[in-house]
Asker: 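This is the structure, below, for whatever I ask next.
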Amino acid sequence: MDRDRFGSETGSTERSSGGGRVRVGDGVLRGDGESQARVGMDVATWNGVRDVEAGAGAVGAGAKHWDQPHIDSGKTTLTERILFYTGRIGAIHEVRGKDGVGAKMDSMDLEREKGITIQSAATYTRWKEHDVNLIDTPGHVDFTVEVERALRVLDGAVLVLCGVGGVQSQSITVDRQMRRYRVPRLCFVNKLDRAGADPWKVIAQLQEKLKLHACAVQLPIGLEEEHRGVVDLVSKKAYYFEGKDGIDMQVKEIPPELMEEAETKRLQLVEAVAEVDDKLAESFLLEEDPTEEQLQNAIRRQTILRNFAPVFMGSAFKNKGVQTLLDGVVNYLPCPSEVENIGLDLTKDEERLVIGGSPSDSLVALAFKLEEGRYGQLTYLRMYQGKLKKGDTIHNMTTGKRVKIPRLVRMHSDEMEDVESAQAGDIVAVFGVDCSSGDTFTDNNVKLSMESIKVPEPVMSLAIMPKSKLAMAQFSKALNRFQREDPTFKVSLDPDTNQTIISGMGELHLEIYIERMLREYNCETEAGKPRVNFREALTKRSKFDYLHKKQTGGSGQYGRVIGYIEPLPEDNPANFEFVNELVGNNVPPAFIPAIEKGFREACNAGTLIGHPIDRVRVVIQDGAAHVVDSSELAFKLASLYAFRQAYSGASPVILEPIMRVDVVVPSEFQGSVIGDINKRKGLIVNSDQEADDVTVTAYVPLNNMFGYSTDLRSMTQGKGEFTMEYLKHDPVPQDLQKDLSENFTKARIMH
């Protein structure tokens, strides 16, 4: 077999159709032309690239769910089928590794044991004449940053939903992430073989809960045990998936018993697309039946513009509907040249500009994920523009450093395949590059930086230490690695107790890292009880006028600062703002950076409970300096003490993380569940009845959610399940603030 430039075999197999290249996850499409596309799935995210005359594109798939495997949407299972039908793997293996192998994209032992995806994994494959990059990402909210960085580099997405569970809390989170990065999407209603599956209910939820202009492009042929295939409403054909593993896709006429329903659903589809597409609207108003090509082009136009979301159907586990979904990726999601990627011009005060996306332009690439591998740091790059070859020298726009690329690879889960070059639209990985996630690389012919990802702040912490002092070196090595790989995992030292504190997005997040320390570094640890990451905040303006003066013989210290502090508005994106309103030279300009640094450091720990202070604006209006004794250190200390002086007058409050909690229970337990949420000081915001189940949505303080899983099982006889995700920080009640402050003061006195 021949091999293409990515190192993949270009000979045909029973399930792949030669021609171009298609990447699933986060990739590029390429074929006879220079086009690409990427696809991504939440929990299991995939990006694809396809070959279109226009250029390259990306596709991503999003899903939902917390840690209840039986209500998972099936993203990793779907990814496994995609790799199988495209000829990338030779056999299907199931999630949880029951057959001793496990799904290809879940390469970590912990993932196979728990049946969840913990780390995103990338691969690439081919479908028909297109290359597809695929990234499998976690669905659990604790690992949401993996979805965040996958969607950041995607040109399209597939939102995977359970045909029974429908839209759940994590679906809403992923939808919000897709909107943040302006990612077009398809929707795939999975698990139609399960009892209670109802794709029309799910579509209604997409319209009501996610406010999507969504409509079915397929009609299921049977549901639950009778699910045999799908009717394509665009082509007016029925698709059946026969043979071993559904490999034999049969295209037939629509069954007579479904003809009337198919005509009705197709009319609904045409009407839905005509609402947002002017060209199709003309035909619709003239009561003309659009051709397959006209309807397909209209769906594609509006999907790329994010005005429409086509809904596909099937059952990945039962091997039905996957091939037609891949056809949808090729037909409806954009190639990279059709996506408007925004860069920041570093020569013009970060002015926003559109990246061209051509392989012939200057190199622009974004480092979106880091891993520590056997050969050092592995950096995942999304190529936005230009070409990159093994041995090239590139420039880090964040640090200004020049870096040589000794090795260039494409990833297939945990396997690496060496390549000589990559170009716009590709997803590749490089070794030997010292950088951080979010850094932009160019060939230095352009001074551009790509917009970075949004990284949420940790909401939970716990103290941890190795059981043996002999393991301290491995302990430190593990923590350093995990911090570099995961920007939501933070490590700090408690100044009062001298304990190592790890912080993350939830209990599962921290438990996984503790388990990985034991398995990967042979480091057994002792952990304290989880504790909530409180914050502090100002509620009003408070003035300061502080003089720091110290004389110890020789040069002393002298610095005076005058101004005020106040809370930032809620809609301000910054967490700290320093405003210089100085007039004249009472304070020499050379000391301004030291003053700002002092105030920033003061915000790292408030006086109420020693936690960081949120949303602070500092305004410096005047001050004084001494010709001999003033120094950067003097003004930095003056700023620190000035902030403490003003802080108590700003009526500070303690903020606690509030979680959005969705509880699904049989209706007979509704009263008990709502009563328990009220005891936990939760606010009930919604209650939906669906068949025999009730979904209760509430906002509950995280500090009151410890042990909830056990309590829910007890009060619902094991029939209840819940998901939980971070919503916001809100002020705690006054009595709790008093208790927390007193406990903090006592602890400091004891130490």
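Here the structure is a predicted model, which means the values were calculated and not measured.
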Asker: Any side-chain heavy atom of L206 sitting closer than 4.5 Å to one from L161?
Answerer: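 When only atoms from C-beta onward are counted, L161 and L206 do touch, with a gap below 4.5 Å.
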Asker: Once rounded to the nearest 0.5 Å, what's the spacing between atom CE of M259 and atom NZ of K236?
Answerer: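 So the gap between those two atoms works out to 9.0 Å.
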Asker: Using every non-hydrogen atom in the two residues, find where Q385 and S358 come nearest and quote the distance to one decimal.
Answerer: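 So the two residues come closest at CG-O, 3.7 Å.
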Asker: Tell me if the CD atom of Q250 is crowded by more than 12 foreign heavy atoms within 6.0 Å.
Answerer: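 Enclosed: over 12 neighbouring heavy atoms sit under 6.0 Å from CD of Q250.
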Asker: Minimum heavy-atom separation for G343 to M450, with atom names?
Answerer: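 Scanning both residues completely, I find the closest heavy atoms to be CA-SD, 4.2 Å.
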Asker: To the closest 0.5 Å, what do you measure between CD1 (I247) and CZ (F241)?
Answerer: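 Atom-to-atom, I247:CD1 and F241:CZ are 12.5 Å apart.
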Asker: With a 4.5 Å limit on heavy-atom distance, are the side chains of K191 and F317 in contact?
Answerer: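 When only atoms from C-beta onward are counted, F317 and K191 do not touch, as no gap falls below 4.5 Å.
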Asker: Are side-chain heavy atoms of D155 and Y181 found at a separation under 4.5 Å?
Answerer: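 They are not in side-chain contact.
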Asker: Quick one: do the R81 and N319 side chains pair a donor with an acceptor below 3.5 Å?
Answerer: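 On atom types as modelled, these side chains qualify, holding a pair under 3.5 Å.
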Asker: Is there a donor-acceptor pair under 3.5 Å between the side chain of Q218 and the backbone N or O of V311?
Answerer: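 Answer holds: no.
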Asker: Please find the pair of heavy atoms, one from M397 and one from V446, that lie closest to each other, and give the distance.
Answerer: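 Here M397 and V446 meet closest at SD-O, 4.0 Å.
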Asker: Under the side chain to side chain contact (heavy atoms under 4.5 Å, CB included) criterion, do R266 and E263 qualify, and how do the steps go?
Answerer: CA-CA 5 Å; R266 189 177 197 272; E263 289 177 354; 5.8 Å; no
Asker: So do L151 and M178 actually touch side chain to side chain, heavy atoms under 4.5 Å?
Answerer: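 The answer is yes, as the side chains (C-beta and beyond) meet within the 4.5 Å cut-off.
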Asker: Taking 4.0 angstrom as the limit, do E340 and R182 come out as a salt bridge?
Answerer: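 R182 and E340: not salt-bridged.
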Asker: Could you tell me whether K128 and D327 have a side-chain N and a carboxylate O separated by less than 4.0 Å?
Answerer: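 So K128 pairs with D327 through a salt bridge.
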Asker: Rounded to the nearest 0.5 Å, what's the gap from CD on E338 to CD1 on I304? Could you check?
Answerer: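 One finds 4.0 Å between CD of E338 and CD1 of I304.
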Asker: Given the rule in the side chain to side chain contact (heavy atoms under 4.5 Å, CB included) test, do E275 and F308 qualify, once you have shown the distances and angles that lead to the verdict?
Answerer: CA-CA 10 Å; E275 288 180 13; F308 184 71; over 6 Å; no
Asker: How about E257: does its CD atom have over 12 heavy atoms from other parts shown lying under 6.0 Å from it?
Answerer: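 Count over threshold, so yes.
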Asker: Over all heavy atoms of both residues, which pair between G163 and L192 is shortest? Give the atoms and the distance, please.
Answerer: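 Taking every non-hydrogen atom into account, CA-CD2, 4.2 Å.
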Asker: Any side-chain heavy-atom pair from S171 and K209 closer than 4.5 angstrom?
Answerer: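 No, too far: nothing below the 4.5 Å cut-off.
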Asker: In sequence, state the C-alpha distance, the side-chain angles, and the governing distance for M383 and L363, and then conclude on side chain to side chain contact (heavy atoms under 4.5 Å, CB included).
Answerer: CA-CA 8 Å; M383 302 283 295; L363 171 70; 3.4 Å; yes
Asker: State whether the side chain of N190 and the backbone N or O of A316 hold a donor-acceptor pair below 3.5 Å, judged by distance alone.
Answerer: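 Checked: pair present.
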Asker: Ring-plane angle category for F312 and Y332, please: parallel below 30°, perpendicular beyond 60°, tilted otherwise.
Answerer: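 Geometry flag for Y332 against F312: tilted rings.
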Asker: Less than 4.5 Å apart, side chain to side chain, heavy atoms only: is that true for E261 and V231?
Answerer: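 No - every pair of side-chain heavy atoms lies 4.5 Å or more apart.
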Asker: In Å and rounded to the nearest 0.5 Å, what is the NE2 to CD1 distance from H227 to I221?
Answerer: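 H227 NE2 to I221 CD1: 8.5 Å, rounded to 0.5 Å.
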Asker: Quick one: does any side-chain atom of R660 pair with a main-chain N or O of E725 as donor and acceptor, under 3.5 Å?
Answerer: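 No; judged by distance alone, with no hydrogens or angles, the pair does not exist.
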Asker: Can you tell me how far apart CG (L366) and OG1 (T442) are? Round to the nearest 0.5 Å.
Answerer: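 With rounding to 0.5 Å, CG (L366) is 12.5 Å from OG1 (T442).
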Asker: Taking the basic N atoms (NZ, or NE/NH1/NH2) and the acidic carboxylate oxygens, is any pair closer than 4.0 Å for E451 and R152?
Answerer: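 No, E451 and R152 are not salt-bridged.
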Asker: Enter the distance from I355:CD1 to L448:CG here, rounded to the nearest 0.5 Å.
Answerer: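 Nearest 0.5 Å value for the CD1-CG distance: 4.5 Å.
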Asker: Taking all non-hydrogen atoms of both residues, which atom of P255 and which atom of Y240 are closest, and how far apart?
Answerer: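 So the two residues come closest at CG-OH, 3.2 Å.
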Asker: Heavy-atom distance under 4.5 Å between the side chains of V145 and P487, does that happen here?
Answerer: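 Yes, their side chains come closer than 4.5 Å.
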Asker: Does any N or O in the side chain of D426 come within less than 3.5 Å of the main-chain N or O of Q423, such that one atom is a donor and the other an acceptor?
Answerer: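 Such a contact is found between D426 side chain and Q423 backbone.
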Asker: Could you check whether any side-chain heavy atom of V364 comes within less than 4.5 Å of a side-chain heavy atom of N341, counting everything from C-beta outward?
Answerer: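 With C-beta onward as the side chain, the pair stays apart.
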Asker: Donor-acceptor pair, distance only, cut-off 3.5 Å: does the side chain of T86 make one with the backbone of W127?
Answerer: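 No; judged by distance alone, with no hydrogens or angles, the pair does not exist.
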Asker: Tell me the closest heavy-atom pair linking V270 and L280, and the distance in Å.
Answerer: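 V270 and L280 have their closest heavy atoms at O-CD2, 3.8 Å.
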Asker: Counting N and O atoms only, with roles assigned by atom type, does the side chain of N572 sit under 3.5 Å from a partner on the main chain of A574, one being a donor and the other an acceptor?
Answerer: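 Judged by distance alone, yes, a pair lies under 3.5 Å.
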Asker: Do other residues, nucleotides or ligands put more than 12 heavy atoms under 6.0 Å from K318 NZ?
Answerer: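 Counting neighbours around NZ of K318, 12 or fewer heavy atoms of other residues, nucleotides or ligands fall under 6.0 Å, so no.
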Asker: Please determine if E224 and R194 form a salt bridge, counting it only when a charged side-chain N lies under 4.0 Å from a carboxylate O.
Answerer: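 Looking at R194 together with E224, the answer is no, because their closest N to O distance does not fall below 4.0 Å.
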Asker: Show the numbers, then the answer: is there a side chain to side chain contact (heavy atoms under 4.5 Å, CB included) between K369 and E146?
Answerer: CA-CA 9 Å; K369 177 178 168 64; E146 296 284 353; 3.4 Å; yes
Asker: Around atom CD of E226, are there more than 12 heavy atoms of other residues, nucleotides or ligands at under 6.0 Å?
Answerer: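 Not more than 12 within 6.0 Å, no.
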Asker: Determine whether more than 12 heavy atoms belonging to other residues, nucleotides or ligands lie under 6.0 Å from atom NZ of K201.
Answerer: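 Yes, enclosed.
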Asker: Decide, yes or no, whether a salt bridge links D175 with K211 under the criterion of side-chain N to carboxylate O below 4.0 Å.
Answerer: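 Looking at K211 together with D175, the answer is no, because their closest N to O distance does not fall below 4.0 Å.
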Asker: Identify whether the distance between the nearest side-chain nitrogen and carboxylate oxygen of E570 and K728 falls below 4.0 Å.
Answerer: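 Salt bridge between E570 and K728, a charged N being under 4.0 Å from a carboxylate O: no.
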Asker: Any carboxylate oxygen within less than 4.0 angstrom of a Lys/Arg side-chain nitrogen, looking at E292 and K237?
Answerer: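 So E292 does not pair with K237 through a salt bridge.
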